[in-house]
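Notes for the one structure printed next.
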Amino acid sequence: MSEVRVRFPPSPTGYLHIGGARTALYNWLYARKHNGKLILRIEDTDAERSTQESIDGILKGLKWLGLNWDEGPYFQTAFTHEHKAAAQRLLDEGLAYKCFCTKEELEHKREAALSAKRDYKYDGSCRNLTAEETAAREARGLPCVIRFKVDRQAPGTVSFNDHVLGVISRTYNDIEDFVIVRSNGKPLYLLCNVVDDIRDRISHVIRGQDHLGNTARQILIYRALGARVPEFAHMPLTLDLKKAKISKRSHGEIVAVQFYQQRGFLPWALCNFLALLGWSTTDNQEIFSREELIKAFSLERINKANSIFNYQKDNPKFFTDPKAISINEHYLRTMPMAELAPLVKERLQAAGLWQDDYDGSRREWFINTVDLIRSRFHTLNDFAEMGRAYFAEDYEFEARAVRKNVLKHEELKTWLPALADSLEALPEYNHETIEAAMRGMAEDLGIKPGILINGARAVTTGRLAGPSMFEVAEAIGRERMVNRLRHKTAPLYEPD
RNA sequence: GGCCCCUUCGUCUAGCGGUUAGGACGUCGGCCUCUCACGCCGGUAACACGAGUUCGAUUCUCGUAGGGGUCACCA
């Protein structure tokens, strides 16, 4: 079996979105699984819309996701001469012809056909022009496009065995003589893409089902060019809740890979989620390490039906597909601390909360603290936001926490500073002695321990909920705890 | 409209003639408990419809309906 070579060919007209990322992921998985190569090719033939910014964004997105490529990025515009040469060759061999019909004429015919509810296809007006007629028109300086000549005689249908969908066929009659080169001399996507895939020796074309309609025409080009036709696998599309294809234009940042990076997603968690959007295993495994996923992946297990990206706009709890969040949470609380620590570090640095000794003398404290708080976090950003009180003194107080756990008990104004005294006096300061102190004090006061514990939590972390208060107190440290209980309690009782 | 593809819980899906139709996420209830989360236990919830084939259809065939894609001198 020949080498597996797949490609990801984004057109740089915007950011990398999750649909594109998923296509890249599937190609990447297939390449890795078969020890093949992934080629990155930037299809920048549309000079109008292509931007350097977009190219940078796409490359950055792929790198962040960890989808490394083996060749490229190649740029389609660098091979324009090849595309033109291919068109010329088709022309020379009589497999394509020049068409002098104007855009206006065609537009007119198209509209007429449409309004008459007829199917429109190019009528082949210029197909049978003699060499002399063609030459005469060229001599008059008439602009022309080059059309591929679809052979309507032979077999009748063009078909291929799609790795996802099975046998797909289309009759020649349904295929019009399509344009491969514009009147300004620029070759079109259909041609460029094939020429590039031939040059890059692509063995498997794994792309979205939105390309299904291109495939038959492209196969015709492969054949006309005498090239081997690659294998095809058309992935289902991802739609929104209203079943519309997701797009940058209509869905904005929610579909941008960069958005997930900003919101504190773990790159592999996103990959894992994307892999599951349209692909599964028989045993229903859902959490995969890189190696596991590469091993388990196969084109044949890709679902035929489109899948829905399940997100509700303006839902603060689920700012994206709940499943994506849940997978992210899973990794967040189970991944090795050695891998998580640097990621948290980045976020703390960005928030100005990082201190260098977290990497040095206080490394153990840092690791333990992150480990302590991670189980109720959803994203990396939470460490700097919900977890701010562990790393800074200027944390905010949740209104509900203050109302429910502080203001409700006027006496806490004196109890909590008293608790500070007792913590300060402890001969040993650890979660066990802290627990004994707090419970003991509650008993002495004849109150439920929860009142003291929850009050302490609200004052020292600003939050209604969190990990075991005794461990929190240990993590925050005696000095800071005592200080917070003494000085941050009373002000909460003062009206704004 | 033509052509092509698709159709199992709200969502992602398992299933490849005989299952109490399974799992995950969400949701609901419970346990745990200093709160919340984690974790654990349990509940809710699906084969689009109609014919056929068959002893038997979620599964095979054909229709119908619905959804999607595509019909450019965009990629």
Side-chain angles (χ1 to χ4, degrees), chain A residues 9-13 43-46 48-50 76 99 101-103 106-107 110 113-114 116-121 143-147 162 164-166 168-171 173-176 178-186 188-190 192-193 208-216 234 236-237 239 241 243-245 273 276-287 303-311 318 321-327 329 333 373-378 401 404-405 435 438-439 442 448-458 463-470:
Chain A
S11 60
T13 56
E43 304 214 320
D44 56 349
T45 16
D46 187 350
E48 304 281 302
R49 298 192 297 151
S50 298
Q76 193 162 59
C99 167
C101 297
T102 68
K103 228 185 226 176
L106 295 175
E107 199 57 44
R110 195 188 335 266
L114 221 63
K117 277 194 180 168
R118 275 186 293 108
D119 177 30
Y120 173 78
K121 268 197 287 295
C144 69
V145 299
I146 298 176
R147 284 183 186 274
D162 191 275
V164 174
L165 299 168
I168 307 276
S169 46
R170 209 170 151 191
T171 71
N173 235 287
D174 286 329
I175 309 173
E176 67 174 346
F178 53 96
V179 177
I180 52 176
V181 179
R182 292 184 182 88
S183 55
N184 65 6
K186 289 191 174 165
L188 253 17
Y189 166 78
L190 237 27
C192 299
N193 191 257
Q209 284 180 17
D210 48 348
H211 284 282
L212 209 48
N214 290 334
T215 310
H234 287 93
L237 270 15
L239 313 176
L241 241 19
K243 300 204 169 161
K245 189 163 78 152
F273 167 72
L276 260 23
L277 213 54
W279 172 86
S280 63
T281 58
T282 0
D283 66 356
N284 274 306
Q285 184 179 347
E286 301 206 304
I287 298 293
N303 205 146
K304 290 183 171 84
N306 294 337
S307 51
I308 291 171
F309 181 58
N310 185 22
Y311 82 98
F318 297 117
D321 193 312
K323 188 127 184 182
I325 294 178
S326 105
I327 290 175
E329 289 167 346
R333 54 185 171 249
I373 60 185
R374 66 169 162 168
S375 81
R376 59 217 82 202
F377 287 173
H378 310 290
K404 234 180 122 177
N405 291 334
E435 175 161 12
M438 291 182 85
R439 289 192 188 282
K448 284 194 286 188
I451 295 175
L452 213 50
I453 294 168
N454 291 327
R457 173 179 292 110
R463 313 230 110 228
L464 184 63
S468 156
M469 193 52 216
F470 315 119

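Because the structure is a prediction, the values reported are computed rather than measured.
Taking atom C1' on both B/rU59 and B/rU7, the two are 14 Å apart, rounded to the nearest angstrom. One P atom belongs to B/rG67, the other to B/rU11, and the distance between them is 15 Å to the nearest Å. To the nearest whole angstrom, the two C1' atoms, one in B/rC41 and one in B/rC5, are 43 Å apart. Only the C1' atoms considered, B/rA57 is 11 Å distant from B/rC47, to the nearest whole Å. A gap of 15 Å separates the P atoms of B/rC12 and B/rG69, to the nearest Å. On the C1' atoms, B/rC9 is 10 Å away from B/rU44, given to the nearest whole Å. Distance noted for atom P between B/rA72 and B/rA14: 35 Å (whole Å).
For the side chain to side chain contact (heavy atoms under 4.5 Å, CB included) with A/His234, the qualifying choice from A/Val164, A/Asp162, A/Asp210 is A/Asp162, the only one to do so.
Each of A/Lys323 and A/Phe309 was assigned the nucleotide of RNA chain B with the nearest heavy atom; the assignment lying further toward the 5' end belongs to A/Phe309. Judged by closest nucleotide on RNA chain B, A/Asn284 is the one of A/Arg333 and A/Asn284 placed further toward the 5' end.
For B/rC12, its base never sits under 3.5 Å from the side chain of A/Ser307 at any donor and acceptor pair. The base of B/rC36 lies close enough to the side chain of A/Arg376 for a donor and an acceptor atom to sit less than 3.5 Å apart.
Using modelled atom types, one finds a donor on one side chain and an acceptor on the other under 3.5 Å when comparing A/Asp283 with A/Thr281.
Spacing between atom CE of A/Met469 and atom C1' of B/rU35 amounts to 11 Å, rounded to whole angstrom units.
When atom types are taken as modelled, the side chain of A/Asn310 and the backbone of A/Asp321 share no donor-acceptor pair closer than 3.5 angstrom.
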Each nucleotide of nucleotides 62-75 of chain B classed B (base within 4.0 Å of a protein heavy atom), S (only sugar-phosphate) or -, in 5' to 3' order, makes -----SSSS-SBBB

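Considering only side-chain N and O atoms, A/Arg463 lies nowhere under 4.0 angstrom from the phosphate OP1 or OP2 of B/rU35.
A/Phe309 is linked by a ring pair (Phe, Tyr, Trp, His ring centres under 6.0 Å) to A/Tyr311, counting only residues two or more places apart in sequence or in another chain.
In the set B/rG15, B/rC6, B/rC25, the nucleotide with an atom closest to the side chain of A/Thr282 is B/rG15. In this structure, of B/rC34, B/rU27, B/rA14, it is B/rU27 that holds the atom nearest to the side chain of A/Phe318.
Contact annotation for A/Pro236: no contact, since no heavy-atom pair falls under 4.0 Å across all strands.
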